[in-house]
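First comes the structure, then the notes that go with it.
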Amino acid sequence: MAEETTRNIGIMAHIDAGKTTTTERILYYTGKNHRIGEVDNGNATMDWMEQEQDRGITIVSAATTCFWHDHQINIIDTPGHVDFTAEVERSLRVLDGAVGVFCAVGGVEPQSETVWHQADRYSVPRIAYINKMDRIGANFYNVLEDIKTRLGATPVPLQIPMGEESSYCGNIDLITMEELRWDSMSDGSVITRSPIKDEWLAKAEEWKEKLLDELGVYSDEIMELYLEGKEVPIELLKSVIRENTINQSIVPIFVGSSLKNKGVQPVLDGVIDFLPAPEELEPVKAHSVKKDEDILIERSAKGDLAGLVFKIQQDKDAGALCFIRIYSGVLKSGTAVYNVNKKKKERIGRILRMSANSSEQISSVGAGDIAVVVGMKFAQTGDTITTEGNQILLEQMEFPEPVISVAIEPKTVSDQDKMKNALENLKREDPTFKVAEDAETGQLVISGMGELHLDVLVTRVLKEYKVAANVGNPQVSYRETVTSEVVHNEIFEKTLGGKENFADITLKISPQSRGEGNLFISELKKNQLPLNLVESIKNGVEAAFGAGSLMGYPTVDIKVTLVDVNYDELKASETAFEAAGALGFDSAFRKAAPVLLEPHMNLDVLCPADYVGEVISGLTKRGGIVNSMESKIAHEHVKAQAPLVKMFGYTTTLRSQTQGRGTFAMEFSHYAPKE
Ligand SMILES: Nc1nc2c(ncn2[C@@H]2O[C@H](COP(=O)(O)OP(=O)(O)OP(=O)(O)O)[C@@H](O)[C@H]2O)c(=O)[nH]1
């Protein structure tokens, strides 16, 4: 299929906005599904993992292909919970456009705000779909306002609903000025288009004017026709909307009720009409390993192969499924490729195109497309796949450090092996998940981005991989740093294998600002010490950065300066200088007034006005600082900061404080000294 007919899109939504229901309808109408899967029955095809069905939420993004009006749409499912940052970021990285799904009752919830802003950072063009128009309390116009004020976006409705709640019966298409109706008793496959009846005419004209007025800002041609009272051709409207959606000036708005099978097909039309095809986008940023310089890669099937592994999913039968986005060239089965990150060659076996519940084997996949390669051995999420001759790295994905951890201990020896395998698989899938061994207790500690993230990981180890294990309570991941400047002299002297090893170095250790990270620099004069030995000291210091001497947590924001050395050519060795670096750092660290840092989180809490007092006092009790409070249409929005350690179990507290009506999002903000 030609490139210009491909769309790689994500569906972004707050939990419960109806992403799964909407995706199901999309797959149904695009003819891939035989029946409509209902989330409530736990048989939705996208939610194929057992655990997702238990929890009723979508946690893992699957890439699913469907076809609509001679276009291929690859849907990259995007989780809506900020605890799954890595999932969100990795899918944003490979999609070219997105559909934001909002609930007509709840509007913009804190988590959709976070995900929306992540998409801003990745410059992803978006259209939005306001779902659940049939629900009691549905208000299309409130959500428009919310999108404007909370997301800072420019919503441009291309459709408006006829009625709301139980009287919601269809949409007015403001582009063609027609009524669109779906038979309530049917599966919604058939749309009846008819001229607008008197009842809706005034409203339709009011919103058409608003549409023209808004688009007139971007097009003199539209503005002139509008001012002269002339008809604006549909093609002109569509091309101006397309251009300004792709450059992210506007967000076209669609509306419907996925559950009632109304309003979904126009969203699919919108994906094709207004979201970009891969080759319309800027060349891709990459780094040439051989030349050590940044380069741009044309998005063409004729170029050298460049693909990004954006997801790994373990399949019980097939093994590792590697989801790869191809940016340039063609990936063919039976050929050898090169994994630049792992510096390993791999053979490409089967290539599959995935639909929600089946897969089709294909022989190749070209630039702009997405496919799954079965059984790659080394690939990990984030790796670049290319040819050996063309060593380039696509822009790397950056993930925040995990802030919470839990100890996990296998019950028997056989569980130990199973757990090793499980953790290894999970690590390949999820780069924000870390495994480490506690230096003191020898216990395995796994870390993640939040309580829910860890909970999901632990449940997968126990249930999916069937490992019997004891699991500790979640712990905050602390960091260690220094608060004063100290100069320290370290002398290393040891006879190893009959040879004297000697190093004498002087290090200055000083605190850096929060977030600056660790740094090693050398202030030695030229020729004071051979460069390989400076490198050895650096290696020693950097290895020691990994564990502070307070409690063994990683250190942050420390600058180490090598200020002097005593070099004895006969006794000097790399081993000695590396050891001196590591030991010198440890001793200097101890002297430089070290402190423990704990993660502080940004919190966004939404709740109805009646509960806001209790919510704020609850946050204050947990050591939170309320930064602002704003009254929104349906709720109060409280922004606060609090130490993560005090926020354990907050989901439950908030639920009981607000009778289930409060929601919150929490994100890492900064590290601060532990009180
Ligand atoms: N009344 C009404 N309910 C809907 C509509 N769409 C979805 N729902 C219901 O809303 C709930 C959440 O829908 P999902 O499709 O699972 O939402 P989601 O955004 O995928 O949620 P997660 O998988 O948790 O992220 C389910 O109970 C759906 O039946 C709608 O148009 N109207």
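Ligands are counted one by one from 1 in listed order, and the atoms in each one are counted from 1 as well. Atom set for the values below is all heavy atoms of this structure, side chains included, hydrogens, waters and symmetry mates excluded.
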* Please could you name the atoms of ligand 1 that S257 approaches to less than 4.0 Å, counting only its heavy atoms? => 30 (C), 31 (O), 32 (N)
* Flag the pair R353 and D369 as a salt bridge only when some basic side-chain nitrogen lies within less than 4.0 angstrom of an acidic carboxylate oxygen. => yes
* Look at E179 together with K197 and state whether they make a salt bridge at an N to O cut-off of under 4.0 Å. => yes
* To do: Answer whether the closest heavy-atom distance between the side chains of M647 and L619 falls below 4.5 Å.
  => yes
* For D134, is at least one N or O under 3.5 Å away from an N or O on ligand 1? -> yes
* Asked: Is K260 near ligand 1, meaning one of its heavy atoms is under 4.0 Å from it?
  -> no
* To do: Using a strict 4.0 Å cut-off to heavy atoms of R135, name the atoms of ligand 1 that fall inside it.
  => 1 (N), 2 (C)
* Basic-acidic side-chain contact under 4.0 Å: E424, R428 -> no
* To do: Would you check whether S258 has a nitrogen or oxygen atom less than 3.5 angstrom from a nitrogen or oxygen atom of ligand 1?
  => yes
* **Ion pair check, R325 and D96, cut-off under 4.0 Å** => yes
* To do: Please determine if K132 has a nitrogen or oxygen closer than 3.5 Å to a nitrogen or oxygen of ligand 1.
  => yes
* Check each atom of ligand 1 against the heavy atoms of K19 and keep those under 4.0 Å away; list them by number with element. => 15 (O), 17 (O), 18 (P), 19 (O), 20 (O)
* Asked: Do ligand 1 and M133 have nitrogen or oxygen atoms that lie under 3.5 Å from each other?
  -> no
* Asked: For the residue pair F310 and F323, does the interplanar ring angle fall in the parallel (under 30°), tilted (30 to 60°) or perpendicular (over 60°) class?
  -> perpendicular
* Could you check if a side-chain atom of L180 sits within less than 4.5 angstrom of a side-chain atom of I172, using non-hydrogen atoms only? => no
* To do: Consider every N or O of L259 and every N or O of ligand 1, then say whether any pair is closer than 3.5 Å.
  => yes
